[in-house]
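For reference, the structure is listed below as structure tokens.
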Protein chains: 2
Amino acid sequence: MRAILEIQKQLMPDMIEMLKKRYTILHHIQVSRLVGRRTLASSLNMTERVLRGEVEFLKTQGLLEVESYGMRVSEAGQKLLEQLEPMIKELFGLSDMEKQIRDAFGLEKVIIVPGDSDQSPSTKKELGRAGASALRKMAQEAGVIAVTGGSTMHEVANHLTPTTPLKGSLFVPARGGLGESVELQANTIASIMAKKTGGQYRLLHVPDHLGEEAYQSLIQDPNIREIIEVIRDTRIVVHGIGEAIVMAKRRKLDRNTIDRLLADGALAEAFGYYFDREGRVVHKMPTAGLRLEDLQNTKVIAVAGGRSKGESIASVLKYGKEHVLVIDEAAATEMMNHLQ
Amino acid sequence: MRAILEIQKQLMPDMIEMLKKRYTILHHIQVSRLVGRRTLASSLNMTERVLRGEVEFLKTQGLLEVESYGMRVSEAGQKLLEQLEPMIKELFGLSDMEKQIRDAFGLEKVIIVPGDSDQSPSTKKELGRAGASALRKMAQEAGVIAVTGGSTMHEVANHLTPTTPLKGSLFVPARGGLGESVELQANTIASIMAKKTGGQYRLLHVPDHLGEEAYQSLIQDPNIREIIEVIRDTRIVVHGIGEAIVMAKRRKLDRNTIDRLLADGALAEAFGYYFDREGRVVHKMPTAGLRLEDLQNTKVIAVAGGRSKGESIASVLKYGKEHVLVIDEAAATEMMNHLQ
DNA sequence: GTATGCGGGACATTTCGCGTCCATGGTTGC
DNA sequence: GCAACCATGGACGCGAAATGTCCCGCATAC
């Protein structure tokens with residue numbers, strides 16, 4: 001059943017909303033037994049006119065009977081509600097979680113895709129699709145878009161398509177080298193995105209494990225300085241979230257640093273910053289690019305998934321710079337468990 | 001899956017159309033591999049602007065990629081089409097049949113509900129629901145509505161609901177006594193419909209097995225004459241269709257008549273007329289009310305279902321007075337088999 | 001070079017959704 | 001028996017979205 005709904009959602013995204021709306025109305029009438037339009041409208045937070053349109057529709061469908069003193073659901077309506085219930089439960093399950101997580105972390109929007117990225121690659125693809133769609137919606141006009149690396153971001157890049165604003169956009173890596181393998185580096189992701197959307201890209205090559213001295217002289221270079229300026233002026237950031245220790249090992253940090261991360265309780269990682277359970281920054285990768293303090297006027301989209309990452313995602317969100325969060329069902333469930 | 005679609009069809013009837021439209025567009029693009037907007041628009045019988053809207057939508061959904069020399073479906077689009085196929089087959093299966101039957105018999109509209117009334121009572125109920133809905137759509141203004149008897153018509157009556165035009169309507173039996181049991185008589189059906197819709201009803205009591213002489217004096221009665229006048233002036237007729245021999249036996253016709261019906265090749269029965277395979281009237285029940293020749297300016301809705309009735313339905317349709325046909329899938333399949 | 005068909009921008013028009021107000025009628029409380 | 005109240009349903013007008021129409025720049029084919 002869920003599969004069918006997912007398919008339909010792709011071809012008609014507002015259908016689900018409609019379904020929920022009509023179900024809610026019908027359900028509300030059912031529990032009220034006999035209720036008037038105004039009363040119903042105010043208890044459903046709808047304007048009377050909109051509700052009226054819906055009621056008229058439900059009436060012509062024979063699901064509702066209107067009498068002189070209010071309306072009640074018909075027998076057919078009763079039956080429909082009954083059949084509808086499991087579907088609604090499933091539908092509301094995710095959107096309920098979306099709402100709760102949104103409010104718990106003060107986000108603008110949360111999107112949950114069904115499944116567990118840890119288990120199935122198709123969920124990860126779905127996550128990418130949803131992330132790409134969130135970016136498309138966010139990018140109403142051309143501008144600079146900074147991205148990070150990682151396999152999830154790679155999926156996001158793969159699902160981007162050309163739209164007018166994206167075509168005029170400039171994709172840049174949020175930060176310089178972060179020790180990832182080439183195909184998952186932020187630079188690579190930025191270039192894939194540019195290719196997929198028809199936009200431009202600029203790269204920031206900062207070799208890993210650079211000494212302080214060499215680093216200072218590097219960022220004095222006019223070309224590097226300029227691209228860093230561009231990055232810090234970005235309008236939209238799209239980033240993944242990783243587990244601190246996993247990321248540290250993948251980036252081959254030295255034993256010393258890893259021990260310190262452990263001692264500091266580092267749990268999550270996002271564009272080179274390590275966060276502890278309370279969302280405090282406990283470590284920072286030595287490379288150039290976007291800093292957390294540059295995020296004042298920037299819209300931030302976080303994309304991550306998998307049961308194992310639930311806690312990490314919550315940590316990063318506690319720092320609180322994100323506006324839009326795209327996660328999968330497993331991560332969402334995990335986050336909910338830690339909310340209470 | 002079908003159950004879900006049925007539920008959704010009730011809550012959002014145009015959703016299905018939308019789904020089909022978008023699928024058709026996507027599918028068409030897929031088989032064309034690379035195609036332009038104008039070409040596509042004309043081959044899909046759409047105006048360019050409408051198609052453009054759809055294409056723009058599909059593009060933002062990432063299902064479509066637009067290049068300078070045309071458009072193609074994206075990878076995600078391919079996958080979606082694949083997943084969509086069984087759903088569409090089901091959707092189109094019925095509506096394809098609807099169209100074929102509509103054209104084969106020159107009808108205005110054919111509605112097929114899934115299932116077989118012979119097998120499951122719920123299909124019969126569904127048939128009733130669809131019949132009631134067809135009547136509701138047909139009755140845009142108040143007027144006289146003539147109905148026949150039978151279990152299917154009983155279901156139609158049960159699914160009627162009050163609407164403004166129906167409230168002002170007058171329900172009458174299409175013909176007088178036809179030897180049915182009381183609860184399935186046309187008179188009863190008419191009164192149930194009036195009760196369900198809040199409309200009026202008039203009855204026509206013509207005892208069965210009346211001698212010619214008594215009959216003549218009966219129809220001279222001013223009250224009877226008046227109601228017959230009303231009936232003959234009906235604006236909408238809703239009738240069931242039966243198998244000739246089954247009906248003849250249920251009505252306890254004498255052996256003689258039944259033999260003659262058999263000899264004449266009577267196959268189907270509708271409001272007291274018996275039709276052979278070619279749609280010729282071979283017998284007529286001796287009672288008062290609506291005659292076939294009164295149907296010139298009348299909209300006729302036929303409601304029937306069950307595999308066993310497929311042939312009979314086709315016979316009656318060959319006579320050719322119907323405008324709207326409501327049947328079930330089994331009857332439709334059976335009719336299709338006899339079409340070739 | 002030129003002709004054709006492409007996507008996409010622009011604009012007028014129409015349609016539709018929706019906010020708002022009101023008439024009318026049934027129900028209830030006094 | 002009457003008045004106050006809440007109901008539905010009709011009417012109207014505004015503003016946004018859908019759509020018909022035209023055009024432009026561009027890539028490709030001939």
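A, B, ... follow the sequence lines: proteins, then strands. Residue 1 opens every chain.
Scanning for ring-ring contact (aromatic ring centres under 6.0 Å, His included) contacts around Y201(A) gives an empty result, with sequence neighbours left out.
dG17(C) atom P lies 15 Å from atom CE of M46(A), rounded to whole Å. The separation between M71(B) atom CE and dG5(C) atom P is 15 Å, rounded to whole Å. For L34(A) and dT27(C), the CG to P distance is 11 Å, given to the nearest whole Å. Atom pair K21(B):NZ and dT19(D):C1' shows a separation of 11 Å (rounding to whole Å applied).
Counting only residues at least two apart or in different chains, ring pair (Phe, Tyr, Trp, His ring centres under 6.0 Å) contacts with residues 77-102 of chain B are absent.
Using a 4.0 Å cut-off between a side-chain N of Lys or Arg and a carboxylate O of Asp or Glu, E6(A) and K9(A) qualify as a salt bridge. We find that E56(A) and R52(A) are joined by a salt bridge, their nearest charged nitrogen and carboxylate oxygen being less than 4.0 Å apart.
In terms of polar N and O atoms assigned as donor or acceptor, the side chain of R37(B) comes within less than 3.5 Å of the base of dG8(C) in a complementary pairing. Side chain R38(B) to base dT4(C): no donor-acceptor pair is found below 3.5 Å.
At the phosphate of dC6(C), OP1 or OP2 sits under 4.0 Å from a side-chain N or O atom of T39(B). Listed pair T47(B) / dG20(D) meets the phosphate criterion, a side-chain N or O lying under 4.0 Å from OP1 or OP2.
Residues H28(B) and L44(B) meet the side-chain proximity criterion, which asks for heavy atoms closer than 4.5 Å.
Sequence order on DNA chain D of the closest nucleotides to L40(A) and E48(B) puts L40(A) first from the 5' end.
Of the residues in residues 50-66 of chain B, those with a non-hydrogen atom less than 4.0 angstrom from any atom of DNA chain C are R52(B), K59(B), V66(B).
Screening K21(A), R49(A), R37(A), K59(A) for a salt bridge (charged side-chain N to carboxylate O under 4.0 Å, His left out) with E54(A), the sole residue that qualifies is K21(A).
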